[in-house]
Each structure stands twice: as C-alpha cells, then as structure tokens.
Amino acid sequence: MGRITEFFEGTDHGLYFTCRSFFRVADTVISPKLLQVHDHQHNDRRVFLSEEKNDNLIESIICKLYIVYVDPDDIPQAKDRLISNSDFYYDMCYSVACSTFANMRAENDGAADIDTTSDISCEEGKPVADLVTYSLLDLYSGCGAMSTGLCLGAELAGIKLEAKWAVDMNSHACESLKHNHPSTQVRNEKAEDFLSLLQQWNALCKKYVIHGSNSLGSDLAQASNNDENDENEPLPKDVFEVARLVDICYGDPNKTGKNGLWFKVRWKKYDASQDTWEPIDGLSGSYECFKEFVQSGYRDSILPLPGSVDVICGGPPCQGVSGFNRFREHDDPLKDDKNKQLVVFMDIVKYLQPKYVLMENVVDILKFADGFLGRYALSRLVAMNYQARLGMMVAGCYGLPQFRMRAFIWGALPSMVLPKFPLPTHDVIKRGLVPNAFSRCLVAYEETTNKHLKKALVLEDAISDLPKVQNHQPNDVMEYGSDPKTEFQRYIRLSSKDMKDHSFVDARTKEGKLFDHQPLQLNNDDHERVRQIPVQKGANFRHLKGVRVGAKNTVELDPDIPRALVSSGKPLVPDYAISFIKGKSSKPFRRLWWDETVPTVVTRAEPHNQAILHPTQHRVLTVRENARLQGFPDYYRLFGPIKEKYIQVGNAVSVPVARALGYSLGQALRGEFVGDQPLFKLPEDFTCIGQARATGSSVGVVETE
Ligand code: SAH
C-alpha cells in the first residue's frame, strides 16, 4: 500500500511510478505476532505513512484505495466520519530509525538535519522560562534515580518537573526515596495494588468531592446518618473513636488473605504507633472523618487522577527475560508472571493517560523471543494512540566510567511533541549485541560523523578522591578528608542546591559529609583471599597460589603442588572460581583498575563472579563508589541494610542518562524540537553545567574547625 508521488519513463522506456509506502501495524516493528495479544487491539484500518520509497512498473498497480489523513487533534466525531468514508486512515508516520511512530507535525516542519540545541535555557541569571510545574509519577521507583535525573535534566531545559508520586514494593528503596525527595508521596506497595487503589480513589473523589457532600445515599453515608442520631449516647467501654483517617491503600495490610480497600485510622487519644488499617465498612460511623480525608487528599493530590499526570516514568522489572533464568517462556513471554509488570505498567498508563511516558528496561526485552516484550510495549502505546520511540543508550556515553546499555521507550500523546533521544557526549566504544530488528535504535553517532566527543571516563576519574576504608567499615557518615581531583568529582560533590535539585530542601542534610562509603564486609576467608590478589591491573584469582592456566585459557588446579588453604582450612582458591564459565573466566576476585570502564554495576557486591575489588585496597567497591559509577550525586543517601543499598544502586537508571533524557523531555514540553530526526545533540556545556555554577558550597569542601 502506498502513495504515488511520481510517474516517470525509465531509460528502458518502461513506465514507472515512485511510491511512498503505507505500513499496516503488522508491517511495522510491532509485527503480526502482537496482533494475537488480546489485552489491546489496533484498528485494522489504521496505517502509518513511512519514509520508504521505491520505484515500480505501472503494471504492478492493483487498485486504487482511499486513504485519509486524520488529524489527531480533531474531535472524535469528525475523525469517525472521515474514517468511515475511507478504506484506510493514517494519523502518524512510521520510521525504523528508533522504531518511531510520530504524528505528522515533524513531517510538516521539514527540517532534515540533526537537531542541535545550542544553548542551555537556564544559564546563570536567566530565569526558568516556564512557571508551570509538571507532575511526574515514578513507577517501580527504586530509590528514585530515574526521576531524580529526569527532574534535573528538565530543569536545565527550563521546565520545572516534580516527582509527585513514587511507587515501589521495596520498603528500603522507599525509605531512600523519601529521604532524598521529602515532598514526594512515596507509596510502598505493589504496582498492581496501586492501580486498583487509583480506580477506587477516583470513584471516591468523584462521589465525595466532584459531586459534593450532599450526594449521600451510599451505605456509608446511610450508616453515618443513623449514627448521628446516637451522638450523645455514651460509647460502650471497648469502642474506640476515630480521630481522623491518615492513609489509604488497596491490598491486604492485615494479612487476611483478601485484597480490598483499607484506611489507616488514628484513634482518639492514641498516637501514630496505635494506628490500624480498617476496611471501608468498618468506618460507617465516621462519615465526617471519611469525607474530610477524601476532600483533603483530593486537594493535596495524594494520589494521581486520570488526566492529572504529566509524565509517568518507570522500569517495570521483566525478570522472565534474563539470561540467567532457565525457565523462560519463549512462545508467550506474557504468560510468565515474571514479566507481568510490563502489562501492569501499560495498564496504569492507560488508566492515567499521562502526556508523556518514559519506560526503561534491560536490552534483553529486545532480544528475548525476537524482542517480543519490546514490541509489546510499543504495541500497547501505539494502540492507545500514543506516539512512540525506542532507543538504546549506553551510560558511559553520558559521562560515566560504566558501559551499561539500557532500552528506553518514549510515549507522547498526539497533542504533544515526541521527545528525541540525546546523542552521546562521551566517546565510549559500544559493545554487546544490538538485536536485529532494533539495530537502528542505538543512540549513537554514525561511525563516519565528526563527533567532537569528550574522552570516555575511567574509574580513577570517578573515585580517586575517596578516603581509604577497610573491609570492615562501621560508619556510614564520614569526612572526605581531601579535595576533589577531577571534573567529575567536583561535579558529583555539588550540593543539591548547586545541582539545582529542588526536591531536596531538608535541614537535616549533613553538608560536607561523605555518605555510604562502606563496602560489603567480606568474611574472613574471602578477605584473606582478596589480600593475596596482587595490586596490579587485571589481577584475579588466577594469580593465587595453586592455579595454573592450561590449554585454551582454561584454569585448573596445579596438580604439582598441594592445595593452598586459608587460615580456616578452606581452599584458598574455591572450586566455584575454578569452574565458573567452565574455567574460562577471569572475573572471580578480579581487581578493577584505575584506567578501566566498568562493565555494568549490578545489585550484588560479592567478588565471587564479578570484578568488583578496589584497585589498591583489599575490599570490594563501597556503596558510594558504586553510586558514583551510576552518577548519583554525593548528597543522595541510601537507606536499609548494606545489601539493600547495593541493590538500590545497581537497579538504578544511571543518573546522567536520566538527566539527558530529562533535558530532552523539557525541550519537548517547550515544543522546541523540529524535524523528524529521532536524535538530537545536547548543548556543548551540558555535562559541565554544574561545575560552571559551583559556588564553593559544594558538599565536598571540608570545613576545618
Ligand atoms: N527506576 C529505578 C529502579 C527500578 S528497579 C531507579 O532508577 O532507581 C525495579 C524496582 O521495581 C525495584 O526497586 C523493585 O523493588 C520494584 N518492584 C518489583 N516488582 C514490583 C511490583 N510488583 N510493584 C512495585 N514495585 C516492584
């Protein structure tokens, strides 16, 4: 199916036409397989105008079709009329570059070159252009790295974006987020329960706020009315009186085995420690408290309502695609409960209808089962009439000594400008396989382009200023003890104020202190092993006594010498190190080196099967060192047991990546992007904006007493 753009006679005197193709959904990256997924549907008369053109002989024309353009901004009746009078309709373009589905605005603007933003809109002295605050919901928020970066980046584009709500089922991650974003409504619950809660809350708001307090008649109000008559009667001895309601949730907080809507009650004459969760029908006598809770909750936006959210971001976990998981559902990855959160994420988007969506995930969603889950995510967005665009970004390309490639998908309502992906600022060599159907989704310069990129960062740039700590480090707050040595260190030590992080206005901040510079404490055996790993580049368990490297770079125990032991009597070189990846790996107990880019910061800190040892100290990298590799500002504190802190850091979206994406979102919100190119260039000074503004109040400056 196509649009004829030209007729011509060939040199062979044949008659030809040039045709610009229309793609059906199944012809796009979404693929026919997704049409079998029944939780969403595409209009089978919808097609997408592609940029692909080809020449054909006139005889190959089969028939004429009537394909109309439908403006997404038209009223539904007008759209329906147009569509019903045509064979097919189109409202968006499709391009394989970054798997883009975009409305036609870009086509009409017509600029072809890579879009360059030359200036940062909020330089020193220049006011933030927009006084509107845009609201952000961070789903599967972890400790909040993604929303932190997005807000920082939007700010640089002159847009005030505020993480109003965050949801995560991990209580430690929620604690971290709450500390670093005191004004965010942090909800420690499962995303699926959150969705049910949103639906119930919307109904309550409609009933008790929108339709006013006179619309009694519910069971609840009825019960309340009856009770009012008894107001003066003394309460039986063991009856508690509700002072007020303080929270709401959907789920099973009292572990009754049944999910439902619950309210947290503060009892008269009791303090918060005696609060209990009560079901709605248990509150029949407290109509006024109930109404007051819903009305004030509505006023304070304790929960988002459909249409009230500007941006939803999140990384729904898809553990069913992980290479480590042996029981993967190849035929229908959505059947696997471990991938269910992708569906929940899209259901929440569908319910709240935000202006923008940004989803993050591991690149495996584009590889596993021919990229089924990546295609599903795009399919859901497009079926909901969102514009969509997919990109794979490498963290190191945005100024970190870490490789880490992740997939991101933008969604934007048709009335909004679809964000582009920010091109790299740093020259990191891309490694790893880029999945086939998505090969044009890597966010990178063409190899031939003159790029002017900054040199890739190495470990030394990120952590060389941090004080020496032992394997056992009991304190999570300490002095820096020295000044920053590199540009990165100066930047990462900036105070929240200098970084323009408005979410953090907490008087409890211990300015000038270093947080979370603690390593996971190795047990005595491992510590003894680590002390014997030489302090040199590339050193690992292969350098320990009794190991030899045989044919094909495979390790084995040296049969000529007795097996070396640690003081406890256990082998110096454990069996698992020898057998890891059939003896081919050099990762167990490997030291990182100053001049290296770290592959990917993960959630575990054990040195048994990954390179995580400090170059010169006999310990693993500390939580803070890992946090630096992920680009967390030093003022960002982590909470929970140390293993949980590593998990929060390892799960995070690298802050500089999120920050670059936030800038891109800000530009889109300002309507700045022109042209249909999917990528844009960040301003020259993007990565060192912080330093330019550093005023000496950086958290790294130690006050001498
Ligand atoms: N985007 C975050 C990291 C997210 S990691 C950041 O940048 O910091 C994924 C998170 O999903 C984890 O914190 C995990 O606790 C949470 N999670 C997993 N299943 C969940 C569920 N069903 N509901 C809510 N959160 C869930």
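Counting starts at 1 for both ligands and their atoms, following the listed order. Heavy-atom basis, side chains included; hydrogens, waters and symmetry copies ignored.
Between His179 and Phe639, the distance from one ring center to the other falls under 6.0 angstrom. Taking the six-membered ring where the residue is Trp, the centroids of Phe673 and Phe680 are separated by under 6.0 Å.
The distance from ligand 1 to the heavy atoms of Gly142 drops below 4.0 Å at these ligand atoms: 13 (O). Close contacts between ligand 1 and Gly144 involve ligand atoms 8 (O) [criterion: under 4.0 Å to a heavy atom]. Numbered from 1 in the order shown, with element, the atoms of ligand 1 that lie under 4.0 Å from a heavy atom of Ala191 read 21 (C), 23 (N), 24 (C). Short contacts between ligand 1 and Pro317, defined as distances under 4.0 Å to a heavy atom of the residue, involve ligand atoms 18 (C), 19 (N). Atoms of ligand 1 lying under 4.0 Å from at least one heavy atom of Val653, given by number and element, are 6 (C), 7 (O). Atoms of ligand 1 lying under 4.0 Å from at least one heavy atom of Ala145, given by number and element, are 6 (C), 7 (O), 8 (O).
For His181 and Tyr636, the side-chain atoms include at least one donor-acceptor pair closer than 3.5 Å. Between the side chains of Arg659 and Tyr663, no donor-acceptor pair of N or O atoms lies under 3.5 Å. In this structure, a donor-acceptor pair under 3.5 Å is absent between the side chains of Gln518 and Thr622. When only modelled atom types and interatomic distance are considered, Tyr646 and Asp516 share no side-chain donor-acceptor pair under 3.5 Å. Residues Glu175 and Asn188 have side chains that never bring a donor and an acceptor to within less than 3.5 angstrom of each other.
Residue contacts with ligand 1: Gln341 is placed with a nitrogen or oxygen under 3.5 Å of a nitrogen or oxygen of the ligand (distance criterion only). Of the polar atoms of Val167, none of the N or O atoms is found under 3.5 Å from an N or O of ligand 1, judged by distance alone. On a distance-only criterion, Gly315 and ligand 1 share no N/O pair closer than 3.5 Å. Considering backbone and side-chain atoms together, Met169 places an N or O closer than 3.5 Å to an N or O of ligand 1. Inclusion of Asp168 in the set of residues having an N or O under 3.5 Å from an N or O of ligand 1 is warranted.
Of the heavy atoms in Glu360, none comes closer than 4.0 Å to ligand 1.
Gln473 places a side-chain N or O within donor-acceptor distance of the main-chain N or O of Asn475, the cut-off being under 3.5 Å. Checked by atom type and distance alone, the side chain of Arg619 pairs as donor or acceptor with a backbone atom of Val469 at under 3.5 Å.
For the pair Glu192 and ligand 1, a heavy-atom separation below 4.0 Å is found. Ligand 1 lies less than 4.0 angstrom from a heavy atom belonging to Ser141.
At the shortest separation from atom 3 (C) of ligand 1 among protein heavy atoms lies Asn651 O, 3.4 Å. Among protein heavy atoms, the minimum distance from atom 1 (N) of ligand 1 is reached at Tyr140 O, 3.6 Å.
Note on ring orientation: taking the six-membered ring where Trp is involved, the planes of Phe345 and Tyr140 are tilted (angle from 30° to 60°).
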